[in-house]
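Since the model is a prediction, treat every value here as computed from it, not as a measurement. Letters go in sequence order (proteins before strands), and every chain restarts at 1.
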Amino acid sequence: MRWPVTKSKLLRATTRAPAVGYTRAVEQSCLSLLDACNKFSKLTQLHSRIIKSGLQNNRLVLTKFAATASALCAIDYASTFIFLPESDPYLYDVFLFNTVIRAYAQTSDLKSKALCNYNLMLRCSVLPNKYTYPFVLKACAGIGDLRLGKSIHGSVLKLGFHDDLYVQNTMVHMYWGNSDGVELARKVFDEMPKFDSVSWTVMISGYARLGMSHDAIGLFREMQIAGVCADEITMVSVLSACTDLGALELGKWVEFYIGKQRIQKKVELWNALIDMYAKCGDIDKAIELFRSMNDRSIVSWTSVIVGLAMHGRGIEAVALFEEMVGSGVVPDDVVFIGLLSACSHSGLVEKGKQYFDFMRTFGLVPKIEHCGCMVDLLCRAGLVKEAFEFIQDMPIEPNPVVWRTLVNACGAQGLMKLGEKISRQLIKNQPLHESNYVLLSNIYAKMLNWGKKTNVREVMDKKGMRKIPGSTMIELDNQIYEFVAGDRSHEQCEEMYQMVEEMGRKIKNAGYLPATSEVMLDINDEDKEDALYHHSEKLAIAFALLNTPPETPIRIVKNLRVCKDCHAAIKLISKVYNREIVMRDRNRFHLFKDGFCSCRDFW
DNA sequence: GTAGGGTTAG
């Protein structure tokens, strides 16, 4: 930092009276001008005025200057003015540092500067107070440096601020900032003598953000038992957990609860509700909510556009985007990701290309995610060679995600040599990333080259890697059930497998041919068929057929993309059993009805 | 004179 303060210098500074070259009236007028300042240009004028009046050594003025600047998002400007190497440390009090640290902690990419100023504060021998730590911990949460967090935790304990609820809550939040901090977050939370709604929300949102949605919901139930009232921010996190689980019934109950508890519906909560409905399969309800909103943010529009994209309703997504632009909302880069993925899921290749170029009209430079969407768009449309050329001409360095999209398409389109070459390169670059090996081994399986496929699997085993197991969730009577392939853990296991057998027989009569090439194992065809029948989605559907009245729609959520065979089988199941089956997979929704799927086999 | 938790993305 700028200057180390020696003890003698500090002593001199604190005992010396401030230089007075101005009157109380000048000081007061400057303070009220700063108070009223609402533009950066005015602030720069005030800056010169402060210097002219000799107020640059006035502590009150400097502090107010920092507060005004931070309200105008110009804290960098303020701090270069305030923290001059030749300044007397006496000028800096804890309130000034708090103002500066807060401003940096609130700005997403300047959080490390908050910590620099905290260090400067300590070096100036200014003692932090209980207001300082929530800011410091917030900055630390954003950086996610666990070691740093622990050391700040130590300081908090030493200074005795650990009894303060604000400090405790931000401490828990800080530990959630690093994925290795979960245990510590839990520990601090468990040891807290008192909680308020913020304490619970920090924990619930922590679990929700890490995708530990069951835990998030569980904690929300505990919160209710503990008798703490949830507020609108709690509900946003609870809804986001419902969204992740695809738990529509639970989500509907949450909406009911919000109404019953008279929780204020701010735009963020509306958005969370829209997102929940869209991603839990009820896109029409999401649209209805969106239409009934008074003031929408860009997130509201994006949520509906993404929802439409996931439902394969690309044309409507495009129309909504046009409506958004027409109504004067300036698109951001996230909405373009949604829009491009809408084009991709609906095969709107030309539209997608146009929008990709259109981004620049709004001063947006395509990022790697947008390029990824374009590669996806071309690959899905079968234009693998064009996608390959696109990657080679991309202005940005392609990332592994982009390459993996291409390899996947190579496998599907029969470009085995290219797929093999790229996935080998991917493994070289990212030797610890499982999906690179899975892609290569799938390519070999499609080439029927079992020897090479086994080699890849052996390498994976040696490195202790495993493919993420596919699982399917289903919600029934407020319970969420999860199945994995070949699952035998459920109490209705026997009945379920009998039902799977029955389903197999009935759909075979209706013309189903097991797509045994989808099973990436070197076993005989009969075994392959068996493996297919026991995929988690089929088990979940069997479970639903057993436990719900006839004609009730079935909703399931798969964690990976649905395989070709299950897709074909579910189409026929929907016809034979006269059931509407809504399936969310990793990428999108499939609505199976009367033997057809809403994705028109395009996914 | 100052404080904490939340939403959209392949």
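- Taking the six-membered ring for Trp and the full ring otherwise, the centers of Trp200(A) and Phe220(A) sit at least 6.0 Å from each other.
- At whole-Å resolution of the value, OH in Tyr131(A) and C1' in dT2(B) are 6 Å apart.
- Rounded to whole Å, the distance from CG on Leu96(A) to P on dG1(B) is 16 Å.
- With a 6.0 Å radius and a threshold of 12 heavy atoms from other residues, nucleotides or ligands, Arg291(A) has its CZ atom above the threshold.
- Atom CG of Leu60(A) is separated from atom P of dT2(B) by 14 Å (rounded to the nearest Å).
- To the nearest angstrom, C1' of dG1(B) lies 13 Å from NZ of Lys130(A).
- Between Lys187(A) and Glu183(A), no side-chain nitrogen of the basic residue sits less than 4.0 Å from a carboxylate oxygen of the acidic one, so the salt-bridge criterion is not met.
- As rounded to whole Å, 14 Å separates atom C1' of dT2(B) from atom NZ of Lys138(A).
- One can place CG of Leu239(A) at 11 Å from P of dT7(B), the figure rounded to the nearest angstrom.
- Ring centroids of Phe97(A) and Tyr131(A) are separated by 6.0 Å or more, keeping the two rings apart.
- Geometrically, Arg59(A) does not engage Tyr92(A) in a cation-pi contact, judged by NZ or CZ lying under 6.0 Å from the ring centre and within 45° of the ring axis.
- For Thr201(A), taking side-chain heavy atoms from C-beta onward, the closest of the listed nucleotides dG5(B), dG6(B), dA3(B) is dG5(B).
- Side chain of Asp93(A), nearest nucleotide from dG1(B), dA3(B), dG5(B): dG1(B).
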Contacts under 3.5 Å, N or O only, protein and nucleotides 8-10 of chain B:
| unit_1 | atom_1 | unit_2 | atom_2 | d |
| --- | --- | --- | --- | --- |
| dA9(B) | OP1 | Lys279(A) | NZ | 2.5 |

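- Geometrically, Lys285(A) engages Tyr277(A) in a cation-pi contact, judged by NZ or CZ lying under 6.0 Å from the ring centre and within 45° of the ring axis.
- Rounded to a whole Å, the CG atom of Leu269(A) is 15 Å from the P atom of dG6(B).
- Stacking between Tyr166(A) and dA3(B) is shown: the ring centroid lies under 5.5 Å from the centre of the six-membered base ring, and the planes differ by under 30°.
- Rounded to an integer number of Å, the gap from CG of Leu31(A) to C1' of dG1(B) is 12 Å.
- Lys353(A) has a carboxylate O that lies under 4.0 Å from a charged side-chain N of Glu350(A), or vice versa, which qualifies the two as a salt bridge.
- A cation-pi geometry, defined here as NZ or CZ lying under 6.0 Å from the six-membered ring centre and within 45° of its normal, does not hold between Arg209(A) and Trp176(A).
- A salt bridge does not link Lys266(A) with Asp231(A): none of the charged nitrogens is closer than 4.0 Å to a carboxylate oxygen.
- Across residues 346-357 of chain A, not one residue has a non-hydrogen atom less than 4.0 Å from an atom of DNA chain B.
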